[in-house]
Amino acid sequence: MNKLAAKLKTLRKIEILMIGITIIYLISILWLNFHAKPWYVFDMYSDMYVAELMSEQKTFFPENWIFGNQYYIVATPVLASIIYGICHNGFISMAIASCLMTVFIIVSFVYCIFPIFKKSGFFTGALMILGGGLLGSSAAGYICGFQCLYTMASYYSCYLIGILLTLGVYLRCKFKKPCSFAICIIVLLLNFSLGMHSPREMLILNIPLLIMEGFSAIGVIAKKKNLRFVFEKNKALYFAVSAFAANLCGMILIKVLNIKSNLLIDPIRLETNPSNLFNNFKGTLSSFLSISGLDFVLRGVKWYPLFVFAVFLFCGVFAAIIIIFKKKDNGWLASIIIFVALSIICVGGVGVFLMRVRPLYFFVWYVLSAFSWMYLTANIKHKFFKTALLALCAFSVLNYICNFYPVFSEYEAKNAFYENVEQYLEEQGIEYVYVDYNTSPTVAVYSDEKIKSGTVRFNLDAVQNEELMTAIEYLKPTDIWEQNSENSCVMFSNWTFDYLERAASREYVDKLMSTLTLEKEFDFGSTEKRYIYRISEPIIEY
């Protein structure tokens with residue numbers, strides 16, 4: 001009895017430690033959303049920009065806006081647009097919206113697992129889902145880390161919410177748990193909206209659900225020898241098909257609406273050439289290794305601790321899957337893990353056979369890691385369980401120190417620089433700043449909507465009487481490039497000139513520079529600079 005009490009006391013201490021680390025991650029996520037201006041580069045600035053236009057025009061599809069790979073039907077910018085109508089500040093609106101999406105993720109996570117709530121497993125999952133297992137070259141400012149789900153426009157938070165809520169309803173149907181009809185309707189509407197948002201949700205959510213039901217049907221037929229048992233009182237199957245249909249209807253509707261967009265994805269085609277398939281496999285594997293952190297070993301000695309952490313997480317996932325198959329477990333958590341594993345396989349299959357996939361497309365790895373470690377808390381021996389949880393806590397602290405906190409130390413220097421640039425441009429009466437890919441529209445974020453930013457690329461093949469730069473007509477309104485006169489400028493970096501030296505002819509460089517007048521040079525750190533040029537004649541093609 002005394003030994004059991006001692007073990008329980010130790011577990012309570014570990015739980016308290018987990019809660020403390022989770023709170024640190026959560027506070028840091030919320031803090032960063034309100035102090036993240038230096039990291040508002042192309043995509044984040046565009047999300048903030050479209051949220052303002054949505055609010056002003058009261059529509060999901062602002063006039064003249066060119067969308068990219070996804071629309072914003074249930075994404076963070078939609079929520080930010082509502083808040084913008086109240087506070088009239090794009091950055092604050094996006095910060096609040098990103099924080100609220102974090103809250104919605106937590107609520108969705110709780111809803112998903114509530115019928116099987118166990119305290120120790122919940123704390124393990126909460127720590128992992130809130131960042132204790134997220135990796136990336138910089139989790140706070142890089143898309144393969146926190147930015148993906150929590151900070152600075154939180155790109156994929158709506159996908160994660162959709163997955164968790166849909167799984168919550170599906171599993172309640174599967175295990176005959178009470179489920180509100182209103183919640184079912186809300187989740188089906190969410191699937192419909194996510195279908196309008198992007199085809200990606202069908203790949204990572206709806207198709208894996210149907211595959212699970214397909215395997216389940218095969219098992220029922222093998223056991224019962226009769227097809228009718230597959231459909232008899234099978235609420236889980238009916239819900240999975242309904243969610244798929246809702247998602248498909250959303251995809252069809254957005255096609256019918258024919259909203260202006262510019263997709264930046266590789267062409268989709270079925271690959272059959274063995275050599276190309278092998279190359280695609282290598283590229284897909286590289287993307288997975290990147291988001292999982294298993295490629296840290298290739299990045300230098302300072303990343304070795306996080307590589308060890310990545311291996312630790314991977315071993316936990318692998319162990320959970322082995323236990324599931326060994327026990328032939330088809331319970332609640334096991335079903336979630338099988339689903340997410342199928343989701344990753346679906347993304348990998350697309351990468352090998354259809355099109356190139358970026359590391360970010362494998363973001364469900366974070367979900368698999370979280371639920372796998374929750375599963376382990378209930379299925380490994382007590383002594384090893386405590387050791388594993390303590391190791392998870394230690395690695396999560398290491399992840400925070402090596403992967404999140406360093407971004408904080410960079411903040412002040414970048415903050416001061418952009419404030420100086422923005423103040424200078426405002427004093428000069430600049431309303432539009434055009435930038436290449438190597439500089440950021442961050443300065444526009446500091447201006448509180450006084451300055452707008454458009455992104456351009458160099459038209460290196462320009463000949464006589466052709467514009468020297470071409471507008472990037474992607475995630476911007478079409479009219480932003482019309483203003484290239486006395487109230488406009490271009491901002492280059494030292495990287496810009498490195499690129500031009502490598503890629504452009506001397507004739508092109510001379511012609512470009514003859515149209516620009518250097519106004520100001522800013523030091524940005526020990527090696528970086530930013531250059532402000534006035535435009536003396538129209539040089540941007542749009």
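Just so we're clear, the structure is a prediction, and the values are computed from it rather than from any experiment.
The aromatic rings of Tyr49 and Tyr45 lie tilted to each other, with the angle between the two planes from 30° to 60°.
Considering all non-hydrogen atoms of both residues, Tyr418 and Val443 come closest at CD2-N, 4.1 Å. Scanning all heavy atoms of the two residues, the minimum distance from Leu205 to Phe339 falls at O-CE1, 3.4 Å.
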Tell me which donor-acceptor pairs under 3.5 Å the side chains of residues 302-322 have, and how far apart each pair is, sequence neighbours excluded?
none

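With 3.5 Å as the limit, one finds no donor-acceptor pair spanning the side chains of Thr151 and Asn33. For the residue pair Lys476 / Ser46, a side-chain donor-acceptor distance below 3.5 Å is found, with atom types taken as modelled. Judged purely by distance below 3.5 Å, without hydrogens or angles, the side chains of Asp47 and Tyr155 never pair a donor atom with an acceptor atom. Under the 3.5 Å distance criterion, with hydrogens and angles disregarded, a donor-acceptor pair is assigned to the side chains of Ser28 and Tyr400. Judged by distance alone, the side chains of Asn247 and Asn191 never bring a donor and an acceptor atom under 3.5 Å apart.
Contact of the Phe122 side chain with the Phe109 side chain is registered, since non-hydrogen atoms from C-beta on lie closer than 4.5 Å. Under the 4.5 Å side-chain criterion, counting only non-hydrogen atoms from C-beta, Tyr434 is not in contact with Thr455. Looking at heavy atoms from C-beta onward, Phe91 lies out of side-chain contact with Tyr446 at the 4.5 angstrom threshold. Residues Ile336 and Leu171 form a side-chain contact, since some pair of their non-hydrogen atoms from C-beta on lies under 4.5 Å apart. Using a 4.5 Å heavy-atom threshold, the side chains of Val50 and Pro62 count as touching. You'll find the side chain of Thr76 reaches within 4.5 Å of the side chain of Ser157, heavy atoms only. Two residues are said to be in side-chain contact when any heavy atoms from C-beta on lie closer than 4.5 Å; Trp65 and Met54 fail this criterion. Between Ser55 and Ile82, every side-chain heavy-atom pair lies at or beyond the 4.5 Å cut-off.
A salt bridge between Glu422 and Lys37 is absent, with no side-chain N of the basic residue lying under 4.0 Å from a carboxylate O of the acidic one.
Between atom CD1 of residue Ile129 and atom CG of residue Leu164 there is a gap of 6.0 Å, rounded to the nearest 0.5 Å. The distance from the CG atom of Asn206 to the CE atom of Met251 is 9.5 Å, given to the nearest 0.5 Å. A distance of 13.5 Å separates CD1 in Ile204 from CG in Leu342, rounded to the nearest 0.5 Å. Note that OG of Ser98 and CG of Leu32 are 9.5 Å apart. Values are rounded to the nearest 0.5 Å. Here CD1 of Ile113 is found 11.5 Å from OG of Ser108. Values are rounded to the nearest 0.5 Å. Here the CH2 atom belonging to Trp39 is positioned 10.5 Å from the CD atom belonging to Gln147, to the nearest 0.5 angstrom.
By the neighbour-count criterion of 12 heavy atoms within 6.0 Å, atom CZ of Phe34 is densely surrounded, having more than that number from other residues, nucleotides or ligands.
Here the options are Ile211, Ile324, Asp329, the test is side chain to side chain contact (heavy atoms under 4.5 Å, CB included), and the partner is Ile338; only Ile324 passes. Residue Tyr156 forms a side-chain hydrogen bond (donor to acceptor under 3.5 Å, both in side chains) with just one option from Glu201, Gln70, Arg200, and that option is Arg200.
Phe146 and Tyr25 have their aromatic ring centers within a separation under 6.0 angstrom.
Under the side-chain contact (heavy atoms from CB on, under 4.5 Å) criterion, Cys144 pairs with Tyr142, Ile291, Pro359, Tyr366, not counting sequence neighbours.
For the pair Ser93 (side chain) and Tyr84 (backbone), a donor-acceptor distance under 3.5 Å is present.
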